[in-house]
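The structure under discussion appears below in the form of structure tokens.
Please read all numbers here as calculations on a predicted model, not as lab measurements.
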Amino acid sequence: MASIDADALLPNDRVKQAVLAGDVTQLSRGASNRYATEGDTFAIEETTFEVSSVEERTLGDLTDEDAQREGSDSLEAYKERMKMVHGGNFEWDPTSEIVTYRFERQ
């Protein structure tokens, strides 16, 4: 368990504000880097969050429930958001390895 910088896990201010508002309670990132470990904590504007689970998965493992935890209405909306966020070089490959981080307000 360590205290990590929120910037290490959360990619931008929009995501930080969504986490703070409770709209985002998990984030999936590419598996090439490990951004946090279960039990790590981070703070956003004096509010502390704890990483409650870290799970190695593939994009194909994601469900509508996962997409909703990541701030999208559905898995299809999440896929479209990922294409927009990552630009023209992103292709949804269900075999791509990811790490899903879930976190809870403390």
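Within the 3.5 Å criterion, the main-chain N or O of Asp73 finds a donor-acceptor partner in the side chain of Gln68. Between the Thr58 side chain and the Ser96 main chain, no donor and acceptor come within less than 3.5 Å of each other. A donor-acceptor pair under 3.5 Å is absent between the side-chain atoms of Asp40 and the main chain of Ile4, judged by distance alone. For the pair Asp5 (side chain) and Ala8 (backbone), a donor-acceptor distance under 3.5 Å is absent.
Leu27 and Leu62 fall into different hydrophobic clusters, where Ile, Leu, Val, Met, Phe, Trp and Tyr are joined by side-chain heavy atoms under 4.5 Å apart, directly or via other members. Put simply, Val99 and Tyr78 are part of two different groups of oily side chains (I, L, V, M, F, W, Y) that touch within less than 4.5 Å, one to the next. Connection of Phe49 to Val54 is established within a shared hydrophobic cluster, with ILVMFWY side chains joined at heavy-atom distances below 4.5 Å, either directly or through further cluster members. Under the 4.5 Å side-chain heavy-atom criterion for ILVMFWY residues, a single connected hydrophobic cluster contains both Leu75 and Phe90.
Residues Ala43 and Ala6 share a closest heavy-atom pair of O-CB, 3.6 Å. In this structure, Leu9 and Tyr35 approach most closely via the heavy-atom pair CD1-CB, 3.8 Å.
Between Val51 and Phe42 the shortest side-chain heavy-atom distance falls below 4.5 Å. Within the 4.5 Å cutoff, the side chain of Thr47 has heavy atoms near those of the Arg105 side chain. With contacts defined as side-chain heavy-atom distances shorter than 4.5 Å, the pair Asp23/Gln17 does not qualify.
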For this session: Go through the steps for Val19 and Ile44 under the test side chain to side chain contact (heavy atoms under 4.5 Å, CB included), then give the verdict.
Result: CA-CA 9 Å; Val19 169; Ile44 304 171; 3.8 Å; yes
For this session: Apply side chain to side chain contact (heavy atoms under 4.5 Å, CB included) to the pair Arg14 and Val24, showing each step before the final yes or no.
Result: CA-CA 10 Å; Arg14 186 199 67 76; Val24 172; 5.6 Å; no
For this session: Assess whether side chain to side chain contact (heavy atoms under 4.5 Å, CB included) is satisfied between Leu20 and Glu45, documenting all intermediate values.
Result: CA-CA 8 Å; Leu20 197 56; Glu45 296 179 11; 3.2 Å; yes
For this session: For the pair Thr100 and Ile98, evaluate side chain to side chain contact (heavy atoms under 4.5 Å, CB included) and give the outcome as yes or no after the intermediate values.
Result: CA-CA 6 Å; Thr100 298; Ile98 59 171; 4.0 Å; yes
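For the residue pair Ser72 / Arg81, a side-chain donor-acceptor distance below 3.5 Å is found, with atom types taken as modelled.
Glu70 CD to Ser28 OG: the interatomic distance, rounded to the nearest 0.5 Å, is 4.0 Å. Note that the OG atom of Ser52 and the CD atom of Glu104 stand 4.0 Å from one another [nearest 0.5 Å]. In this structure, CD in Glu80 is found 9.5 Å from OG in Ser74, a value given to the nearest 0.5 Å.
A salt bridge links Arg34 to Glu56: at least one charged side-chain nitrogen sits closer than 4.0 Å to a carboxylate oxygen. The residues Asp64 and Arg69 are annotated as not salt-bridged, no charged nitrogen and carboxylate oxygen being separated by less than 4.0 angstrom.
Within a 6.0 Å radius of CD in Gln106, more than 12 heavy atoms belonging to other residues, nucleotides or ligands are found.
For the side chain to side chain contact (heavy atoms under 4.5 Å, CB included) test with Tyr101, the passing option among Glu55, Arg29, Glu38, Gln26 is Arg29; the others fail.
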